[in-house]
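One structure is given here, and the rest of the page talks about it.
Counting convention: from 1, in listed order, for ligands and their atoms alike.
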Amino acid sequence: MTLLDVQNVTMKFGELVANDRVSFTVEAGSIVGLIGPNGAGKTTLFNCISGLYKPTSGRIVFDGEDITGLKPYRIARKGAVRTFQVVRPLKDMSVFDNVLVGAFLRGSEKREAFDRAAECIRLCSLESLQEKPAGDLPIGGKKRLEMARALATRPKLLMLDEVMAGLTSTEVKASVEVIRRLQQSGITMMIVEHVMEGIMPIADKIVVLDGGVKIAEDAPKNIVHDARVIEAYLGSKYSKRYRALRGDGPLG
Ligand SMILES: Nc1ncnc2c1ncn2[C@@H]1O[C@H](COP(=O)(O)OP(=O)(O)OP(=O)(O)O)[C@@H](O)[C@H]1O
């Protein structure tokens with residue numbers, strides 16, 4: 001079943017075309033990676049889907065409903081929720097309370113919200129950090145907290161914006177683990193990411209943007225062989241390394 005259907009979305013800022021007739025679908029239960037060079041239009045597309053921007057033209061259908069141009073809070077209530085590149089937790093509040101805020105946003109009863117927060121803390125491997133003030137977390141913990149807060153609102157589609165940027169390779173592995181766990185719990189995800197070692201092993205499909213245009217849409221094992229994607233973004237070094245390491249399988 002298709003959960004998200006992006007149809008010919010164009011987003012212009014004056015003369016600049018940040019997204020140029022972009023179309024793709026996200027199947028329920030899958031993980032779709034959105035990659036491409038800086039300025040390719042990935043965040044703009046997330047902003048269009050989550051309602052921060054109203055696309056200049058095109059349609060976005062989520063869970064069978066046209067959500068094009070709806071306000072972000074209405075889209076979030078329908079179950080499409082995003083995280084931000086710049087993490088902004090409530091710094092003086094504990095990690096647990098930060099997640100609890102997310103759970104209450106969904107209008108849960110007190111008991112239900114506490115249970116939900118505890119479940120999200122567990123899913124995001126934050127148990128040992130839950131009493132700490134959010135501002136004291138290392139960057140990897142902050143990124144997982146951002147995921148837990150979004151998760152607490154019970155999304156159907158979770159859009160993760162660069163949750164692996166700036167992490168050590170151990171932290172990347174921890175995030176990959178968390179994302180796999182979320183998928184097993186039934187959450188569909190769209191992930192904007194520059195860390196290929198993080199996204200390639202877990203994505204069912206990769207969509208590649210370059211200069212606002214979708215230049216490829218395929219399984220990771222095919223994307224790494226795509227000459228256009230190698231030229232625009234991956235580089236031959238990564239592609240060769242990938243093939244040397246795993247042949248046709250994903251890295252990781
Ligand atoms: N609010 C805005 N007003 C004007 N131009 C914008 C705005 N937001 C984005 N842009 C422009 O749109 C283009 C796409 O930017 P966007 O941030 O979507 O790219 P990106 O693929 O997410 O890049 P990165 O990987 O660096 O985060 C860029 O040229 C950017 O300068």
Side-chain angles (χ1 to χ4, degrees), residues 4-26 31-60 62 67-73 75-76 80-88 139-140 142-143 146-147 150 157-167 171-172 175-176 179 189-200 202-203 205-218 220 223-224 226 228-235 237-239 242 251:
L4 179 74
D5 190 358
V6 175
Q7 302 172 358
N8 269 309
V9 166
T10 293
M11 181 71 210
K12 291 186 187 170
F13 300 107
E15 293 292 294
L16 189 132
V17 186
N19 292 143
D20 191 357
R21 287 162 291 162
V22 176
S23 297
F24 62 91
T25 57
V26 177
I31 297 179
V32 173
L34 186 57
I35 69 170
N38 293 322
K42 307 178 296 291
T43 299
T44 301
L45 195 57
F46 260 24
N47 286 340
C48 288
I49 297 167
S50 57
L52 288 170
Y53 296 156
K54 183 169 190 233
T56 312
S57 60
R59 233 162 69 100
I60 298 163
F62 175 68
I67 58 161
T68 324
L70 291 187
K71 295 267 179 256
Y73 76 91
I75 293 176
V81 172
R82 65 165 292 175
T83 66
F84 287 88
Q85 256 173 53
V86 180
V87 189
R88 299 185 204 110
I139 182 72
K142 279 202 182 96
K143 297 262 182 181
E146 179 80 359
M147 285 160 72
L157 174 70
L158 187 56
M159 293 179 271
L160 303 176
D161 197 355
E162 297 204 28
V163 289
M164 299 185 217
L167 303 190
E171 287 172 327
V172 167
S175 294
V176 164
I179 290 167
M189 276 167 282
M190 256 187 90
I191 306 181
V192 167
E193 196 52 73
H194 284 292
V195 179
M196 292 302 106
E197 279 77 359
I199 188 67
M200 288 296 189
I202 50 178
K205 177 166 85 174
I206 301 276
V207 172
V208 190
L209 293 183
D210 184 27
V213 175
K214 185 183 85 176
I215 60 165
E217 174 181 358
D218 212 333
I223 286 291
V224 293
D226 187 308
R228 245 183 117 182
V229 178
I230 292 169
E231 195 195 339
Y233 184 58
L234 288 180
K237 219 165 136 190
Y238 173 79
S239 183
Y242 181 100
L251 270 177

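- Between the side chain of N19 and the backbone N or O of V22, no donor-acceptor pair lies under 3.5 Å.
- Under a 4.0 Å criterion applied to the non-hydrogen atoms of T44, ligand 1 contributes the atoms 9 (C), 14 (C), 15 (O), 16 (P), 18 (O).
- The shortest heavy-atom distance from Y53 to ligand 1 is under 4.0 Å.
- Listed for the K42 side chain is a donor-acceptor partner under 3.5 Å among the backbone atoms of P37.
- Annotation for ligand 1: atoms under 4.0 Å from non-hydrogen atoms of P37 are 21 (O).
- With hydrogens and angles disregarded, no donor-acceptor distance shorter than 3.5 Å links the side chain of T83 to the backbone of E146.
- With a 4.0 Å heavy-atom cut-off, ligand 1 is reached by the side chain of L16 but not by its N, CA, C or O.
- Contact between G14 and ligand 1 is absent, with no heavy atom of the residue lying under 4.0 Å from the ligand.
- Between K12 and E15 no salt bridge is recorded (no basic side-chain N to carboxylate O distance below 4.0 Å).
- Atoms of ligand 1 lying under 4.0 Å from any heavy atom of A40, numbered from 1 in the order shown and given with element: 19 (O), 20 (P), 21 (O).
- Using a 4.0 Å cut-off between a side-chain N of Lys or Arg and a carboxylate O of Asp or Glu, K205 and D218 do not qualify as a salt bridge.
- Closest heavy-atom approach to atom 19 (O) of ligand 1 within the set G41, A18, G211: this belongs to G41.
- For the ligand labelled ligand 1, residue H194 lies inside the 4.0 Å heavy-atom shell.
- Those atoms of ligand 1 that come under 4.0 Å of a heavy atom in N38, given as number and element, are 23 (O), 24 (P), 25 (O), 26 (O).
- Those atoms of ligand 1 with a heavy atom of T43 less than 4.0 angstrom away are 17 (O), 18 (O), 20 (P), 22 (O), 27 (O).
- For the pair E193 (side chain) and G198 (backbone), a donor-acceptor distance under 3.5 Å is absent.
- With sequence neighbours excluded, the residues satisfying side-chain hydrogen bond (donor to acceptor under 3.5 Å, both in side chains) with R59 are Q7, D66.
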